[in-house]
Amino acid sequence: MKYNPFQPNKIVNPAMFVGRIDELEKIESYLFQAKSGNPTHFLIEGERGIGKSSLLKYVAPLANGNFDTPDGYIFKFLVVFVDLGSAHTQLDIIRIIARELKSQIGKVNKAKEIVKSTWEFLSNWEILGVRYHKEAGSFDPEDAKDNLVEQLEAIATNAELGIDGILVMLDEADAPPVEAHLGNLMKAMTEKLSREGCDNVIFGLAGLPSLLGKLKASHESSARIFTVLRLETLDDAERIRVIDIGIGEANTKNDFATAIDGNASKLLADMSEGYPHFIQQFGYCAFEADVDNKITIEDVLSGAHNENGAIAQLGRKYFSEMYFSKINSNDYRKLLDAMSKYSDRWVSRKQLIADTRMKESTVNNALLALKQKSIIILDESRQGFYRLPTKSFAAWINAIKSVDERRGGSLTSQSEVG
Ligand SMILES: Nc1ncnc2c1ncn2[C@@H]1O[C@H](COP(=O)(O)OP(=O)(O)OP(=O)(O)O)[C@@H](O)[C@H]1O
Ligand SMILES: [Mg+2]
């Protein structure tokens, strides 16, 4: 048995967290501003698997003082970090926040006595919550919203607690339907806090790029409350660092040492195109494929290509609707290969005919079929322009191509993909 340090299915632990320097500096400055009474709310947006939750998880101990900032500063925020993945209504969102708020206050020394009425309120609320839920129709979310703001304010402004303020982080903020009106809730809460002069509560949201549109659909100006931090891929040095940290961690936990060839690291970094979930998945599978404690290019390739290897795992987890099992034809594959060169940018049908050297009618048929399966997107404003849905889908197709080429065989003939 060996300990595999890579974490393809988990929010990364802070020891293996790499990069995001710019975003962290900004968030630290927002915390500092909030502590000084000038809150900036932020919104982290990015594709699935780009590392939004991992960033929030890293921010939590930074904000509550478990870690110091790089320049040695220690914050003391009460951190309410929740996941809105299961919230369907505005009331659900409010209750999820209130429940975690109560749990976090419970951890602050003497807080139950210092903010006794808030503690009691939140406790009663939690009990009542069950009833509220059953009678959601008869319960007014406006009251719940006001109540929550009052409790946040009572905590944030109580000097005896010795906290800098409250950081409320809402992960998977794109998950609740538009009808849950997260935008409207954020706007109402931040405005009420500000009206009451409570300026040390900040909200940080994380979600897919559709989040901003959803907020706007709920309340036109709600998106303007937030400073948007867009997460992009990791750069070359950062990718290699994730791999090196992983190998280093394995070597402290296993009773043997694993080494990795420089060109194997480079291949992992290249194939991932900087997507952290790809690095973790390719790294995990290469580590598993290795049998002699020396990870080579062959281990990386077989880890990627094996049945249930990295390519199949990523396909199932992230691209299932677009998964190759739906596509049995080589023509589709050739076309997708050609499109992936353009990442998620628009490309014309003419260009694709030129690039693939396929017959015009074959390209037309393949484009139509891929569009009908929602695997590619048609430009509504221009005739004959198409693109892949996301950059990471293009990266996945590129990885398949690169493994195919290096192994000299076709992945599409494998049962897990073809
Ligand atoms: N900064 C990082 N350093 C190293 N690994 C990371 C980093 N960020 C994310 N990862 C890894 O990438 C994968 C995806 O991360 P995470 O779950 O945080 O992404 P996400 O954007 O929240 O995804 P989703 O949209 O599915 O919620 C995980 O395996 C995680 O371990
Ligand atoms: Mg996430």
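Positions are given from 1, in the same order as the sequence printed here. Order of appearance sets the numbers: ligands from 1, and atoms from 1 within every ligand.
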State, with a plain yes or no, whether a side-chain heavy atom of [X] is found less than 4.5 Å away from one of [Y].
X	Y	value
Ile295	Ile247	yes
Ile27	Leu62	no
Ile50	Pro276	yes
Ser392	Tyr318	no

Worksheet item: Quick one: which ligand 1 atoms are inside 4.0 Å of a heavy atom on Gln7?
Response: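 Listed by number with element: 28 (C), 29 (O), 31 (O).
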
Backbone or side chain, does any N or O of [X] fall under 3.5 Å from an N or O of ligand 1?
X	value
Asn9	no
Leu234	no
Arg48	yes
Ile50	yes

Practice prompt. Start with the C-alpha gap between Lys401 and Glu405, add the side-chain angles, then the distance that decides, and say whether salt bridge (charged side-chain N to carboxylate O under 4.0 Å, His left out) holds.
Written response: CA-CA 6 Å; Lys401 195 162 46 175; Glu405 280 164 9; 5.9 Å; no

Which residue and atom name correspond to the protein heavy atom nearest [atom], and how close is it?
atom	answer
atom 10 (N) of ligand 1	Pro276 CB, 3.4 Å
atom 1 (N) of ligand 1	Val18 O, 2.8 Å
atom 30 (C) of ligand 1	Lys10 O, 3.1 Å
atom 19 (O) of ligand 1	Gly51 N, 3.1 Å
atom 4 (C) of ligand 1	Met16 O, 3.4 Å
atom 15 (O) of ligand 1	Ser54 OG, 3.6 Å
atom 20 (P) of ligand 1	Lys52 N, 3.4 Å

Fill in: Test item, Gly49 contacting ligand 1 (heavy atom, 4.0 angstrom)
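The answer is yes: ligand 1 sits under 4.0 Å from a heavy atom of Gly49.
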
Item to complete: Could you tell me if any non-hydrogen atom of Glu172 lies under 4.0 Å from any atom of ligand 1?
Response: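 Yes.
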
Discussion item. If the test is side-chain contact (heavy atoms from CB on, under 4.5 Å), which one of Glu45, Arg20, Glu47 qualifies with Leu231?
Written reply: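 Looking at Glu45, Arg20, Glu47, the match for Leu231 under the side-chain contact (heavy atoms from CB on, under 4.5 Å) is Arg20.
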
Worksheet entry | From Leu193 atom CG to Glu150 atom CD, the distance as rounded to the nearest 0.5 Å |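 One gets 10.5 Å once the value is rounded to the nearest 0.5 Å.
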
Discussion item. Below a 4.0 angstrom heavy-atom separation, can you tell me which part of Gln280, side chain or backbone, both or neither, approaches ligand 1?
Written reply: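 The part of Gln280 near ligand 1 is the side chain, not the backbone.
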
Worksheet entry | Sequence neighbours excluded - side chain to side chain donor-acceptor pair (under 3.5 Å) pairs with any residue from residues 166-175 |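 Counting only pairs at least two positions apart or across chains, the side chain to side chain donor-acceptor pair (under 3.5 Å) contacts touching residues 166-175 are Ser53-Asp171.
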
Item to complete: Assess the side chains of Asp299 and Thr296: does a donor N or O sit below 3.5 Å from an acceptor N or O?
Response: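 Short answer, yes.
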
Worksheet item: Is it true that the NZ or CZ of Lys2 lies under 6.0 Å from the centre of Phe287's six-membered ring and within 45 degrees of the ring axis?
Response: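 Relative to the ring axis of Phe287, which defines the angle, Lys2 lies inside both limits.
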
Worksheet item: At distances under 2.8 Å, what protein N, O or S atoms surround the Mg ion (ligand 2)?
Response: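 Protein N, O or S atoms closer than 2.8 Å to the Mg ion (ligand 2): Ser53 OG.
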
Practice prompt. Show your reasoning for whether side-chain contact (heavy atoms from CB on, under 4.5 Å) applies to Ile397 and Met339.
Written response: CA-CA 9 Å; Ile397 305 251; Met339 290 183 77; over 6 Å; no

Practice prompt. Would you indicate which of Ser53, Pro8, Ala206 comes nearest to atom 22 (O) of ligand 1 when only heavy atoms are counted?
Written response: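 Looking at heavy atoms only, the winner is Ser53.
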
Worksheet item: Which of parallel (below 30°), tilted (30 to 60°) and perpendicular (above 60°) describes His277 and Tyr275?
Response: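 Geometry flag for Tyr275 against His277: perpendicular rings.
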
Discussion item. Run the salt bridge (charged side-chain N to carboxylate O under 4.0 Å, His left out) test on Asp261 and Lys294 for me, step by step, so that the C-alpha distance in whole Å, both residues' side-chain angles and the decisive distance to 0.1 Å come before the verdict.
Written reply: CA-CA 7 Å; Asp261 278 356; Lys294 185 160 176 44; 2.7 Å; yes

Fill in: salt bridge (charged side-chain N to carboxylate O under 4.0 Å, His left out) between Lys334 and Asp337, worked out
CA-CA 5 Å; Lys334 257 199 205 153; Asp337 279 354; over 6 Å; no

